[in-house]
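The structure appears right after this line, and notes come after that.
In what follows, chains are A, B, ... by sequence order, proteins preceding strands, each numbered from 1.
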Amino acid sequence: MEYNFEEIEKKWQEYWRENKIYHVDIDHNKPKFYVLDMFPYPSGAGLHVGHPLGYIASDIYARYKRLKGFNVLHPMGYDAYGLPAEQYAIQTGTHPAVTTEKNINRYREQMDKIGFCYDWDREVRTSDPHYYKWTQWTFLQLFNSFYCNKCKKAQPISQLVDYLSKQGTEGLDVACTKPLSFTAKEWNAMSEREQQETLMNYRLAYLADTMVNWCPELGTVLANDEVQDGLSVRGGFPVIRKSMKQWLLRITAYAERLLQGLETLDWTESIKDVQRNWIGKSMGASVFFKVADKDIDFEVFTTRADTLFGVTFMVLAPEHEMIKELTTAAQRAAVEDYVTWAKNRSERERMSEVKKVSGVFTGSYAVNPFNGTKIPIWVSDYVLMGYGTGAIMAVPAHDSRDFAFARHFNLPIIQVVAKPGEEPSDPATWTESFDAKEGVLVNSEFLNGLTVKQAILHMIEELEKLGIGKGKTNYRLRDAIFSRQRYWGEPFPIYYKDGMPYAMDVNKLPLELPSIDAYKPTETGEPPLARAKNWVTEEGYPIETNTMPGFAGSSGYYLRYMDPHNDNEYFSREANNYWQNVDLYIGGAEHATGHLIYSRFWNKFLFDLGLACKDEPFQKMVNQGMIQGRSSIAYRVNLEKICEYAVWKRLKENKLGLTFVRDYKEGRRRFDFFCPEKGLIIEINRMGNLEKVAEPWRQYADEHGYRLLLVPIVDIINDFEQGTDYVRQRMRDFCMGKDVPALIQGEEYSGGPVFVSKNLPDIEQFSDPMLVDINIVHNDILDIHAFRDWRDDLKNARFICEKDKDGNKVFVCDWLIEKMSKSKFNVQNPDDLVAKYGADTLRLYEMFLGPLEQSKPWDTQGIEGTFRFLKKFWKLYSEISDEPATKEEMRSLHKLIKKEEEDIERISFNTVVSAFMICVNELTDMKCNKRAILEPLAIMISPYAPHIAEELWHQMGHNDSVVNQRFPEFDASNVVENTFLYPVSFNGKKRFDLELPLDMKQDDVQNAVVNAPEAKKWLEGVSIRKVIFIPKKIINIVVG
RNA sequence: GCGGAUGUGGCGUAAUUGGUAGCCGCGCCAGACUUAGGAUCUGGUUCCGUAAGGAGUAUGGGUUCGAGUCCCUUCAUCCGCACCA
């Protein structure tokens, strides 16, 4: 019987669906295992072969764990809110829900064909009111919470209100936007509005004026991770900085926990590093400097308190609020000019001009608290308002940016750290700063002689003693902007009373997204929701018109999967206690600073509320690599270039007995080819052009006594294609002085574009690469007919072919590894491959390609190999025998059991596929058809190729699903051997193999080796110095 | 600039703790069967050499009986971050 994958796959996909084979429920008799794929956004383009890579890996893992006796939660759903559907809505008026639904159906169809074991009963969509009810609910909890730094967790805001009314801010240690100070009396005297405003300083979801990334083209603000190089990640539109009232999440309150939590996670170091970097913890000191002759001071943050004696100037960010106060009358105009200029620069300009030094002196001086030195205070945009205090103490000797600034404005430089064991030198001679993290302090009074580390600690002590500074930790992480001026997102359950936001009642949730007439901002620039009719509460208060960002819905989705249909709570305690958190999370590394940080934050908050039982959502994570495309390239001939080149090749080799010069210039004229000796001009061009110039050129030639030959490119091309010699003959005659007409009128070249095969010599000189659809290229050979049909302009394409080994004319394409994308015509669609080879082949091949985490190109040919393997595998099962298996057969099987177990556990799927191939090759060679081998083998391959496994399982007489079987037990006794084929090396170089019993003693081994006939040659004339014998590994004889 | 990762045949890769470098597959070569092959099967395939043999895991060095693997150097490619004080 043939391996009919089409029929088999359809049959079993239906069987699994009808029998709900992949449905899971809480089962306290089994250990749980939670395998999750990163939430996909269903884009209109559908899946290409890169997308299912991670899904196949997680599917294999889930199926394997199930065979191992785990109760496996393996759900899938959709991150259904997103910009593309909304952009499309703006352009076409189609409701984004319609577009999204369509895309989801397409995704689902594609996924179903691959045979995943998702429990689709648990599907969630972020745009479903039953789902976003809980997104809104969580937002309200955030709104009604603050973060207590002492107990290191979120607490209800009512607790804070209580505290403030009793003690004011006295002794308060909570996360806030800026430290406030008031008494209980003052608090109690505040109006409700004032109190609400004050609470915004503490809420975990709060409304504030902030500098945001405003994207005018998209009409919305973007989060930091949605902006790259000053452009929006989606769409690539310019982004500017703008101050707006926005909702924010106080993720910074969790900075330390987000950082510490990384230590407990089984993630790659590189992702952890990206997150550490993003959180950007730095420990240093805040120091207050007095301003000379004024009764004010200002605060700087530094990680290098030890270098305080090396401070020669101060720098404030252009946005710093004390600039006005500090600017002297004489400097006012200059400072104002500079600040205006700096503020108006776009993010992009700033980023591209990082190296340019600019700044202005305020006219004021700070005072060094230890030696009274007056230090000039400058303003420069190399200091950022958003980090630390927006002011720095500059130590040019030991900071490269300060150094550049000091050199540019001729400010003094004082060395305060010397390299260990070296004397200080004159900084005037330096070409760069010495950014010393290690060294010994000099020129620093009481710090002299201390190491950098000691000096930092000592200085902080001194600062604290004087009450002008203290040790401080700073984070780079910013609060997450949570408002989007968009339609397609979760509405905020917030209404406004007296312009102050209030939380809606929880039992009003979900607050459903209203329908509107158009999806763009209003004429007055308000968000699209402002178009909604009656967008007010029952009491008539206006409802918030912003919507939530993409990461709102995707931050807690893994929890909802545990109990997806619960309308009374986010998820039940029972479900959460059973499923806990994700054991294996598979997805791309590109979410490192977005989703993966937001959802950790979201989870920690829910943990604080007592909802989530685990502090971290994703225990182990694997980031799959990208599948790159392999683009095909046809070289398109530049007609004039190639014809000139072809002629030049003949001329320069002097084959016509004359010396020609290429591109010869005479006065204002330029000849393609010129022979000064005989005054011959050869010009090559299109017929039309030649006709135009023929007359004046003829005159010119006559005047100078030259002879002229005008060669139309059409003639040369005809020679190429038809293998004729017309042009060559004409040139020869011309050179030999025969009477050749300068121009023979003829047809203009009217053929289509000309392409030239890859391996023809020198094609880089006269052709330009053009990307070709990979579907019309097989094994780098272009299908010429399909190519001509591909596009209208190629209908008349001509080809200069090369010959293959059999002498057939073929057109060979070049190739290039790059991103898989529609525009590069290199997209492999999984549907096509499933149709051609079946899902099992696709699954195996995607895994076989290489390590999951590595990026690798998609080789369109390679899939044949796994297809052949499955056919070979299928053949093993043609007649099943109940005879007992032989020792060799058992060995082969158990080798595979061990390999598969070990390799799946370490996420090495490619090597397992390879092990399957080895085993099947061995069994085929042994002509094995034993049930005792083939039954366990079918179970073992089922995670990888579930359809063929299920079919063969049933063919062997079973009525239950292969999915519900147990993975075979490895029995080491099947693989023990009593002899070993030792590689015998002399001086570390392997010379021959020798089979020896495993229990042989070293002396006997040595004897056996020395007496082996092959050894003789290597022992002649030398003596044995040493024998290295490692049982079951190697024998190495050291001779000399 | 800082941080991370990766460099092995024509290509994707393998070599779990230092122990036979190149498993498995693609491609290629030869053969078989075929009216035919982008079908199937068999054999071969790191490079140089007829062979014996030699060289060989980006580069140069080191440790070791033995290094793709450990240490140092340099180079290349990719990714992330970037006036972060």
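As rounded to the nearest Å, B:U77 and B:A39 have C1' atoms that lie 40 Å from one another. Comparing B:C26 with B:U40, their P atoms sit 10 Å apart, to the nearest whole Å. Rounded to whole Å, the C1' atom of B:A58 lies 6 Å from the corresponding atom of B:G7. Between B:U45 and B:G10, the distance separating the two P atoms is 15 Å to the nearest Å. For B:G37 and B:C33, the C1' atoms lie 12 Å apart once the distance is rounded to whole Å. B:C79 and B:A30 have their P atoms separated by 41 Å, with the value rounded to a whole Å. Between B:G22 and B:A15, the distance separating the two C1' atoms is 9 Å to the nearest Å. For the C1' atoms, the distance linking B:U57 with B:G68 amounts to 5 Å, nearest Å.
Residue A:Asn921 places at least one side-chain N or O closer than 4.0 Å to OP1 or OP2 of B:G25. One finds no side-chain N or O of A:Asn910 lying less than 4.0 angstrom from the OP1 or OP2 phosphate oxygen of B:C24. Distances shorter than 4.0 Å separate none of the side-chain N or O atoms of A:Ser380 from OP1 or OP2 on B:C83. Considering only side-chain N and O atoms, A:Lys871 lies under 4.0 angstrom from the phosphate OP1 or OP2 of B:U40. Between A:Arg868 and B:C26, a side-chain N or O to OP1/OP2 separation shorter than 4.0 Å is present. For B:G54, the OP1/OP2 oxygens have a side-chain nitrogen or oxygen of A:Arg991 closer than 4.0 Å.
Residue A:Ser270 has its side chain nearest to B:G4 when only B:A85, B:G4, B:C26 are considered. Distance from the side chain of A:Pro983 is smallest to B:U20 among B:C65, B:A85, B:U20. The side chain of A:Lys856 sits closest to B:G12 out of B:A85, B:G19, B:G12. Each of B:G12, B:C41, B:C65 was ranked by its minimum atom distance to the side chain of A:Asn1036; first place goes to B:C65. Residue A:Ser282 has its side chain nearest to B:A85 when only B:U20, B:C65, B:A85 are considered. When distances are taken from the side chain of A:Tyr387 to each of B:U40, B:A85, B:C81, the shortest belongs to B:A85. For A:Phe848, the side-chain atoms get nearest to B:G12 when compared with the rest of B:A82, B:G12, B:C26. Here the side chain of A:Thr911 is nearest to one of B:C41, B:G4, B:A14, namely B:A14.
Ion pairing of A:Lys470 with A:Glu299 is absent here, as no side-chain N (NZ or NE/NH1/NH2) approaches a carboxylate O to less than 4.0 Å. Under a 4.0 Å N-O distance rule, the pair A:Glu256/A:Lys281 qualifies as a salt bridge.
Relative ring orientation between A:Tyr837 and A:Phe867 is described as perpendicular, the plane-to-plane angle rising above 60° on a 0-90° scale split at 30° and 60°.
Both A:Val274 and A:Gly390 lie close to RNA chain B; mapped to their nearest nucleotides by heavy-atom distance, the more 5′-ward contact belongs to A:Val274. Nearest-nucleotide positions on RNA chain B place A:Leu981 closer to the 5' end than the other of A:Leu981 and A:Met917.
The distance between the ring centers of A:Phe1029 and A:Tyr982 falls below 6.0 angstrom.
Using a 4.0 Å heavy-atom criterion, one finds that A:Leu849 contacts the sugar-phosphate atoms exclusively. Among the atoms of the strands shown, base atoms are found under 4.0 Å from some heavy atom of A:Glu902. Residue A:Ile918 is classed as a sugar-phosphate contact, given heavy-atom separations below 4.0 Å to backbone atoms only.
With both pairing distances under 3.5 Å, B:A15 is matched to nothing as a Watson-Crick or G-U wobble pair. The partner of B:A67 is absent, by the rule that a Watson-Crick or G-U pair needs both atom distances under 3.5 Å. A 3.5 Å limit on both hydrogen-bonding distances identifies B:G31 as the Watson-Crick or G-U partner of B:C41. B:C2 is paired with B:G80 under the Watson-Crick or G-U wobble criterion, all donor-acceptor distances under 3.5 Å. For B:A36, there is no paired base (Watson-Crick or G-U wobble, both distances below 3.5 Å). Shown here, B:G49 forms no base pair; nothing in the strands shown gives a Watson-Crick or G-U wobble contact with both key distances under 3.5 Å. Base pairing analysis places B:A58 opposite B:U74; the two distances defining the Watson-Crick or G-U wobble pair are each below 3.5 Å. When both distances must be under 3.5 Å, the Watson-Crick or G-U wobble mate of B:G9 does not exist.
Rounded to a whole Å, the CD atom of A:Glu590 is 12 Å from the C1' atom of B:G80. In this structure, the CG atom of A:Asp399 is 9 Å from the P atom of B:A85, given to the nearest Å. Note: CZ (A:Arg906) to P (B:U17) measures 8 Å, nearest angstrom. Across the protein-nucleic acid pair, A:Ile863 atom CD1 and B:G25 atom P stand 16 Å apart, rounded to whole Å. At whole-Å resolution of the value, CD in A:Glu853 and C1' in B:C78 are 16 Å apart. Between A:Asp993 atom CG and B:G19 atom P there is a gap of 17 Å when expressed in whole angstrom units. Going from atom CZ of A:Phe986 over to atom P of B:G54 covers 13 Å, rounded to whole Å. Atom CG of A:Asp859 is separated from atom P of B:C26 by 10 Å (rounded to the nearest Å).
Side chain to side chain, A:Tyr387 and A:Ser282 meet the donor-acceptor criterion of an N or O pair below 3.5 Å. A:Glu922 and A:Ser892 share a side-chain donor-acceptor pair at under 3.5 Å. When only modelled atom types and interatomic distance are considered, A:Ser358 and A:Tyr338 share a side-chain donor-acceptor pair under 3.5 Å. Side-chain contact of A:Asn921 with A:Lys872: a donor-acceptor pair under 3.5 Å is present, judged by distance alone.
Under the 90° criterion around 0 for the glycosidic angle, B:G27 counts as anti.
Judged by distance alone, with hydrogens and angles left aside, A:Asn277 brings no side-chain donor or acceptor close enough to the base of B:C81 to form a pair under 3.5 Å.
Geometrically, A:Arg476 engages A:Trp278 in a cation-pi contact defined by less than 6.0 Å to the ring centre and at most 45° from the axis.
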